[in-house]
Chemist: 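Attaching a single structure in structure tokens format; questions to follow.
Residue numbers begin at 1 in each chain, while the letters A, B, ... track the order of the sequences.
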Amino acid sequence: MKNKYDYLELQKKWEKKWKNAKIYQPDLDSAKKPYYVLYMFPYPSAEGLHVGHAFSGTGADVYARFMRMKGYDVFHPMGFDAFGIHSENYALKINDHPKNLIDRATKHFRQQFDSLGFSYDWSHTVNTSSPDYYKWTQWLFIQLFKAGLAEKKKALVNWCPSCKTVLADEQVVSGKNVGMTHHSVYARDEDERLRVCERCGTAVEYRELEQWFFKITKYADRLLEGLDRIDWTEKVKLAQRNWIGRKEGSLIRFSVLGSQFSANSQSASLLTGQLKTDQPNSDNRQQKTDTPEFIEVFTTRPDTNFGATFIALAPEHRLALKLTTPQNKDKVSKYIERSKKKTEQERMEEGREKTGIFSGSYAINDLTGEKMPIWISDFVLMEFGTGAVVGVPGHDKRDFQFAQKFGLPIKRVVVGKDGDTSPIASIEQVQEEEGKMINSGFLNGLDIKDAIKAMMDHLEAKGFGKREVTYHLRDWLISRQRYWGAPIPMVYCSNCANRGDSWFTTSKPKSHHREISNFKFQISNSAHKMRGWFPVPEEDLPVVLPYIENFKPLGTGVAPLAQDKKFVNTKCPVCHGPAKRETDVCDTFLDSAWYFLRYLATESDKIPFPSKAFASENSENSDIQRQSDSQTIRQSDSTEFSESSGMVKRTRFLPINMYIGGAEHSVLHLLYSRFVTKVLFDLKFLDFDEPFTKFRAHGLLIKDGAKMSKSRGNVVNPDNYIQRFGSDTLRCYLMFIGPFSQGGDFRDSGMEGMERFLKRVRKLIESNLASAIGQPQAKKNQSDKSSAKFSANSKIEKSINRAIKRVGEDVENLRYNTALAKIMELVNDLNESKANIAPKHLKTFVILLAPFAPYLSEELWEKLQSSVFSSQFSESGKSFDQLTGKQKTVKPKSDNRQQRTDNRSVHLQPWPSFDESSLSEEEATVAVQVNGRLRSQLTIDSSQLTNKELVKQKARNDQKVSKYLKGQQVRKVIYVPGKIINFVV
RNA sequence: GGGCGAGUGGCGGAAUGGUAUACGCGGUAGUCUCAAAAACUACUAGUCGCAAGGCUGUGUGGGUUCGACUCCCUCCUCGCCCACCA
């Protein structure tokens with residue numbers, strides 16, 4: 001009797017053999033059919049992998065194994081996203097150093113991955129916190145800087161007081177979903193929202209700081225356009241579209257009444273010095289065009305402008321105070337001060353109640369000539385549009401609330417479907433979506449859609465405004481005032497700054513980068529802003545992150561690295577005078593924005609990833625390359641070799657064929673990766689501009705009806721289940737639990753069912769083997785003679801063929817739950833059959849199971865190979881070890897490389913093909929309906945299925961059917977061959 | 001408030017215009033056993049009926065169709081994402 005602990009021995013045995021035989025390591029340079037399957041790498045948390053990772057990782061692994069069996073050279077690597085706040089925060093919590101923590105955690109993760117039977121190629125792995133990785137992260141930063149896409153500027157940014165660092169917009173989330181109990185100080189109702197830190201759940205504040213940004217907004221339109229060319233889970237594409245948030249509207253300029261505010265730049269700059277003046281997305285548009293005589297607003301609904309009754313400015317707006325009349329100055333500055341100091345928490349307490357204050361000034365609505373009071377209110381966001389809005393209370397609910405509260409006039413200019421033309425007195429009457437224009441001069445009678453166009457034209461013709469596109473997307477805030485990240489590889493030289501010099505003014509493009517002339521962006525854009533800044537020379541990379549014992553964030557807006565004088569003080573690369581290093585580190589999302597490229601070149605410390613751009617480089621690089629690669633690549637192949645200085649052949653693995661991961665990365669990792677890829681494409685390092693040809697989001701596992709989370713305490717660790725059931729059972733169970741794209745409900749009871757199934761599988765194979773070995777001759781004679789056995793065998797053949805087809809189709813589409821159901825059906829069919837099953841059929845069956853249960857399949861495959869029974873059917877009885885795909889001693893000729901024989905691992909077997917003709921049935925069951933209701937079923941010979949008259953006659957004669965047809969007039973007969981016949985009476 | 005998705009037996013789920021509930025879990029009965037476990041066999045949507053057989057049934061109400069879980073419209077519920085976005 002086999003006991004449960006067999007599983008673990010089995011796993012150990014095959015893990016070792018697989019590793020020695022390198023069956024999961026494709027030859028990256030000479031692969032014939034390269035195929036890159038990638039599963040998002042995890043950040044190695046101290047808790048280890050949870051069962052959700054096991055679920056999604058298994059799904060990716062099944063796919064990789066399937067494609068491998070389909071004949072592709074599958075590259076399926078794994079690594080660790082080991083830098084970042086998450087690791088650092090945990091290290092702080094347990095009072096350890098992140099370096100130690102990561103070393104421990106990655107070991108644990110590796111062991112867990114292996115025990116799940118994942119077919120990763122561990123000869124190519126990455127750890128983003130290792131200097132040989134982040135050297136290239138820094139290199140990437142420098143490429144962006146040189147292209148004018150990285151910029152340090154003062155900005156109002158999100159600040160997490162707990163993590164003591166700034167955060168990108170994407171990393172600020174709605175507090176509702178963050179179940180951090182220790183932050184329950186911010187007790188809040190269901191509907192209340194709080195902008196909180198994605199990592200720790202603390203409410204974020206605004207601070208104005210000097211920060212590094214990547215100009216991702218320059219790519220907004222291309223990031224949108226690219227979505228149409230890639231095969232991704234639709235909802236993730238949608239999330240990106242929404243995040244980019246492209247909106248077309250009009251920029252309208254309103255003139256301010258009166259001349260008492262003639263330009264006084266002194267006071268203007270006083271104010272802007274303290275407020276957000278350099279909005280990433282704005283390109284200083286409003287600063288240049290807004291003068292005290294004019295206010296610019298952005299609106300997507302210019303059609304409603306006949307109904308405009310006021311103007312509202314954000315408190316941070318540079319004209320807010322400037323436009324305020326002397327008698328209102330005190331009140332207004334108080335209001336502005338209060339708004340600035342307001343924390344998110346205080347805003348919560350105020351709820352959605354609108355606040356605001358009148359500036360005392362008026363603007364003119366050029367359309368009507370009417371005076372519109374200018375108000376200051378914090379419901380207007382400085383971050384969006386121009387930081388000023390035109391209030392149309394009749395057709396915008398927020399404007400309505402504001403107007404109602406402060407007694408501003410409300411005008412109706414749209415009539416909706418309900419035909420209501422009465423004055424708008426309640427918020428329910430505010431028509432925002434549809435209708436026809438009234439009280440709007442030349443627009444009257446137009447549908448709002450046409451009116452929008454007409455008004456845009458009108459505004460442009462009259463010079464009141466122009467068409468404008470805005471985006472929700474902000475520039476990517478890349479710097480972090482933390483320790484555990486890649487140091488930003490920049491040096492600031494105050495001497496050069498005083499002279500007005502920067503890298504852009506001092507570098508001769510050629511001497512710094514051979515490709516500089518290809519840069520798409522005008523370097524001069526950045527030149528005047530980046531005075532004093534120089535990238536660390538690329539040959540000096542990496543800028544090593546020094547080991548700092550006390551790495552705690554300081555909370556002063558200065559990074560911990562600033563404490564390390566040895567690190568900070570350096571020489572200017574240009575004037576060689578004293579200079580200072582940047583002490584901020586890179587956002588973790590920069591590490592993960594390009595890791596998929598690195599996997600392909602982990603052997604090289606000369607190039608970051610395979611690229612033709614590196615291949616044509618001068619000979620010194622390829623010499624170095626030759627040395628490092630010479631152990632593995634034959635000396636004679638010198639031509640092939642010099643080409644491979646850029647590992648050019650490996651580029652055939654790019655872009656990623658199949659990427660699998662969580663939908664929670666929709667607007668973070670997946671957007672950043674696309675951006676970085678597009679930049680590298682523009683810089684001619686890559687010849688594709690979308691990194692992931694196909695992306696599929698996996699679903700979430702839930703437990704007891706709730707999402708698994710630490711705070712709920714319902715996180716399941718896969719280790720216990722591997723111990724108890726073995727990972728084959730766990731893998732199959734996870735894949736069977738529900739559709740891969742939707743996830744499922746994790747319950748122990750289902751695991752036992754899957755264990756039973758795999759036991760039945762083992763029994764099926766072993767009993768067939770046993771009986772065959774016992775009496776091979778007798779059986780053979782029998783089956784030849786007995787017609788019953790013959791028909792049983794043809795039935796088996798049919799079942800097998802059907803299974804090959806259906807399982808293959810399901811796996812291809814990641815429908816693993818139904819694929820397994822079909823494998824189960826096959827087992828049921830095979831068990832029902834009383835005849836012994838031919839070895840080729842058993843083999844086929846084991847192959848179908850292999851992607852799901854790699855250990856058991858391999859074990860059974862070995863048994864099928866080595867048995868006396870089997871040796872009659874295969875050419876050779878040699879063992880797995882001798883005949884794996886990758887022999888260590890003799891390099892196989894390339895012709896033979898792809899050769900697959902039965903004697904190799906089951907995981908290197910070709911996926912079976914099926915015989916279409918054997919799928920056809922001799923007879924079919926046709927359902928008979930009367931008026932669409934099922935009344936009977938007929939068994940019809942296949943050859944007669946196309947004969948409608950015959951089927952009709954048979955159906956009519958059927959006893960059950962005739963009962964219903966008696967005395968009725970048949971008006972119509974619908975026949976779907978082989979499926980259904982319907983009498984309409 | 002906006003967007004997206006989903007609602008099917010006791011449970012997880014199958015079926016995307018053609019015989020609803022595949023596959024599995026759970027349950028009931030039986031075989032084996034001194035007994036239990038395991039394994040195996042049969043049944044398992046509800047309802048009326050001894051049975052044959054009938055009727056009802058995919059969140060709600062309507063529509064299209066010979067025929068609807070599937071397509072269209074109304075409403076309800078749940079989940080996820082986004083949100084004072086002008």
Chemist: Parallel under 30°, tilted from 30 to 60°, perpendicular over 60°: which one fits the rings of His472(A) and Trp243(A)?
Modeler: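 Plane angle over 60°, so perpendicular.
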Chemist: Taking the C1' atom of each, how far is G10(B) from C85(B), in whole Å?
Modeler: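 Per the computed distance, 47 Å lies between those C1' atoms.
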Chemist: Looking only at side-chain N and O atoms, does Asn817(A) come under 4.0 Å of OP1 or OP2 in A14(B)?
Modeler: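 It does, given that an N or O in the side chain of Asn817(A) lies less than 4.0 Å from OP1 or OP2 of A14(B).
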Chemist: Give me the distance, rounded to whole Å, that separates G79(B) from U16(B) when you measure between the P atoms they each carry.
Modeler: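 Result for the P pair: 28 Å, nearest Å.
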Chemist: Please give, in whole Å, the distance from C80(B) C1' to Lys237(A) NZ?
Modeler: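 Checked: the NZ to C1' distance equals 20 Å.
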Chemist: What is the nucleic acid contact for Gly753(A), judged by heavy atoms within less than 4.0 Å: base, sugar-phosphate only, or nothing?
Modeler: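 Here Gly753(A) touches the backbone only, sparing every base.
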Chemist: In whole Å, measure the gap between the P atoms of G7(B) and A15(B) for me.
Modeler: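 The answer is 11 Å between these two P atoms.
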Chemist: Nearest to the side chain of Asn982(A), which nucleotide is it out of G24(B), G54(B), G67(B)?
Modeler: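 Minimum distance to the Asn982(A) side chain belongs to G67(B).
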Chemist: Once you apply a heavy-atom cut-off of 4.0 Å, does Asp396(A) come out as touching a base, just sugar-phosphate, or nothing?
Modeler: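 The residue Asp396(A) makes no contact with any strand.
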Chemist: Please determine whether a side-chain nitrogen or oxygen atom of Tyr733(A) lies at a distance below 4.0 Å from atom OP1 or OP2 of G13(B).
Modeler: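 For G13(B), OP1/OP2 do not have a side-chain N/O of Tyr733(A) under 4.0 Å.
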Chemist: Mind checking the CD-CE spacing from Glu664(A) to Met40(A)? Nearest 0.5 Å is all I need.
Modeler: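 So the CD of Glu664(A) and the CE of Met40(A) are separated by 7.0 Å.
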Chemist: Round to a whole Å and report the spacing from NE2 of His472(A) to C1' of G2(B).
Modeler: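 Those two atoms, NE2 and C1', are 13 Å apart.
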Chemist: Quick one: is the NZ or CZ of Lys354(A) closer than 6.0 Å to the six-membered ring centre of Phe379(A), and within 45° of its axis?
Modeler: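 Geometry flag: set, cation within 6.0 Å and 45°.
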Chemist: Mind calculating the distance between CG (Asn831(A)) and P (A42(B)) to the nearest angstrom?
Modeler: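 Distance check: Asn831(A) CG to A42(B) P gives 12 Å.
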Chemist: Would you measure the distance from the C1' atom in C84(B) across to the matching atom in C80(B) and give it in whole Å?
Modeler: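 That atom pair is separated by 22 Å.
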Chemist: To the closest 0.5 Å, what do you measure between OH (Tyr816(A)) and CZ (Phe852(A))?
Modeler: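 CZ of Phe852(A) is found 7.0 Å from OH of Tyr816(A).
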Chemist: Please confirm whether the shortest side-chain N or O distance from Arg756(A) to OP1 or OP2 of C40(B) is below 4.0 Å.
Modeler: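 Looking at the OP1 and OP2 atoms of C40(B), neither is under 4.0 Å from any side-chain N or O of Arg756(A).
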Chemist: Base, sugar-phosphate or nothing for Arg246(A)? Non-hydrogen atoms, less than 4.0 Å.
Modeler: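 Contact class for Arg246(A): none.
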Chemist: Tell me whether Lys960(A) is salt-bridged to Asp958(A), with the criterion being a basic N under 4.0 Å from an acidic carboxylate O.
Modeler: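 No, this pair does not count.
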Chemist: Do the side chain of Lys397(A) and the base of C84(B) come within less than 3.5 angstrom through a donor-acceptor pair of N or O atoms?
Modeler: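 There is none.
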Chemist: Regarding Arg760(A), tell me which of base, sugar-phosphate or nothing describes its non-hydrogen contacts under 4.0 Å with the strands shown.
Modeler: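 Sugar-phosphate only.
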Chemist: Gln742(A) or Asn931(A): which one's nearest nucleotide on RNA chain B is closer to the 5' end?
Modeler: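 Comparing both residues, the 5'-ward one is Gln742(A).
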Chemist: Starting at the 5' end of RNA chain B, which residue's closest nucleotide do you reach first, Lys972(A) or Val926(A)?
Modeler: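 Looking at RNA chain B, the more 5' nearest nucleotide goes with Val926(A).
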Chemist: Using a cut-off of 4.0 Å on non-hydrogen atoms, how would the nucleic acid contact of Glu825(A) be classed: base, sugar-phosphate, or nothing?
Modeler: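 Sugar-phosphate contact only.
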Chemist: Under 4.0 Å between a side-chain N or O of Asn828(A) and OP1 or OP2 of G24(B)?
Modeler: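 So the side chain of Asn828(A) is within the cut-off, an N or O lying under 4.0 Å from OP1 or OP2 of G24(B).
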Chemist: Drop me the distance from Asp228(A)'s CG to Lys237(A)'s NZ, to the nearest 0.5 angstrom.
Modeler: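 The CG atom of Asp228(A) sits 6.5 Å away from the NZ atom of Lys237(A).
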Chemist: Quick one: Phe55(A) CZ to G13(B) C1', roughly how many Å, whole number?
Modeler: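 To the nearest whole Å, that distance equals 13 Å.
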Chemist: Please report the distance separating the C1' of A22(B) from the corresponding atom of C71(B), rounded so that it comes out in whole Å.
Modeler: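 Their C1' atoms lie roughly 24 Å apart.
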Chemist: Any side-chain N or O of Arg933(A) below 4.0 angstrom from OP1/OP2 of U56(B)?
Modeler: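 Yes, Arg933(A) has a side-chain N/O under 4.0 Å of OP1/OP2 on U56(B).
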Chemist: Side-chain N or O of Lys235(A) versus OP1/OP2 of C80(B): is the shortest distance under 4.0 Å?
Modeler: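 Answer is no, no contact under 4.0 Å.
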Chemist: Quick one: which of Phe746(A), Phe55(A), Phe725(A), Tyr721(A) gives a ring pair (Phe, Tyr, Trp, His ring centres under 6.0 Å) with Tyr733(A)?
Modeler: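 Going through Phe746(A), Phe55(A), Phe725(A), Tyr721(A) one by one, the ring pair (Phe, Tyr, Trp, His ring centres under 6.0 Å) with Tyr733(A) is satisfied by Phe746(A) alone.
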Chemist: Hey, is G9(B) sitting syn or anti, using the within-90° cutoff around 0?
Modeler: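 That one's syn.
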Chemist: Within 45° of the ring axis of Tyr964(A) and under 6.0 Å from its six-membered ring centre, is that where the NZ or CZ of Arg935(A) lies?
Modeler: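 Cation-pi check for Arg935(A) and Tyr964(A): passes.
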Chemist: Between C34(B) and U44(B), how far apart are the two P atoms, rounded to whole Å?
Modeler: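 The same atom, P, in both gives a distance of 32 Å.
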Chemist: Side chain of Ile980(A) only, heavy atoms from C-beta on: which candidate in C23(B), U19(B), A39(B) is closest?
Modeler: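 The answer is U19(B).
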Chemist: Nearest-Å distance, CG (Asn242(A)) to P (C80(B))?
Modeler: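 Rounded to whole Å, this separation is 18 Å.
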Chemist: Would you classify Ile974(A) as touching base, sugar-phosphate or nothing, given that sugar-phosphate means primed atoms plus P, OP1 and OP2, and contacts are heavy atoms under 4.0 Å?
Modeler: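 Touches a base.
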Chemist: Reckon Val389(A) touches a base, only the sugar-phosphate, or nothing at all at heavy-atom distances under 4.0 Å?
Modeler: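 Base contact.
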Chemist: Of all the nucleotides listed (A86(B), G18(B), G24(B)), which has the minimum atom distance to the side chain of Lys979(A)?
Modeler: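 My answer, after comparing the listed nucleotides, is G18(B).
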Chemist: Determine the Euclidean distance between corresponding C1' atoms of A37(B) and G5(B); express it in Å to zero decimal places.
Modeler: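 It comes out at 44 Å once rounded to the nearest Å.
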Chemist: Considering only the C1' atoms, how many Å lie between U60(B) and C75(B), rounded to the nearest integer?
Modeler: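 The same atom, C1', in both gives a distance of 7 Å.
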Chemist: Have a look at Lys822(A) and say if it touches a base, only the backbone sugar-phosphate, or nothing, with a 4.0 Å heavy-atom cut-off.
Modeler: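 Counting heavy atoms under 4.0 Å across all strands, no contact is made by Lys822(A).
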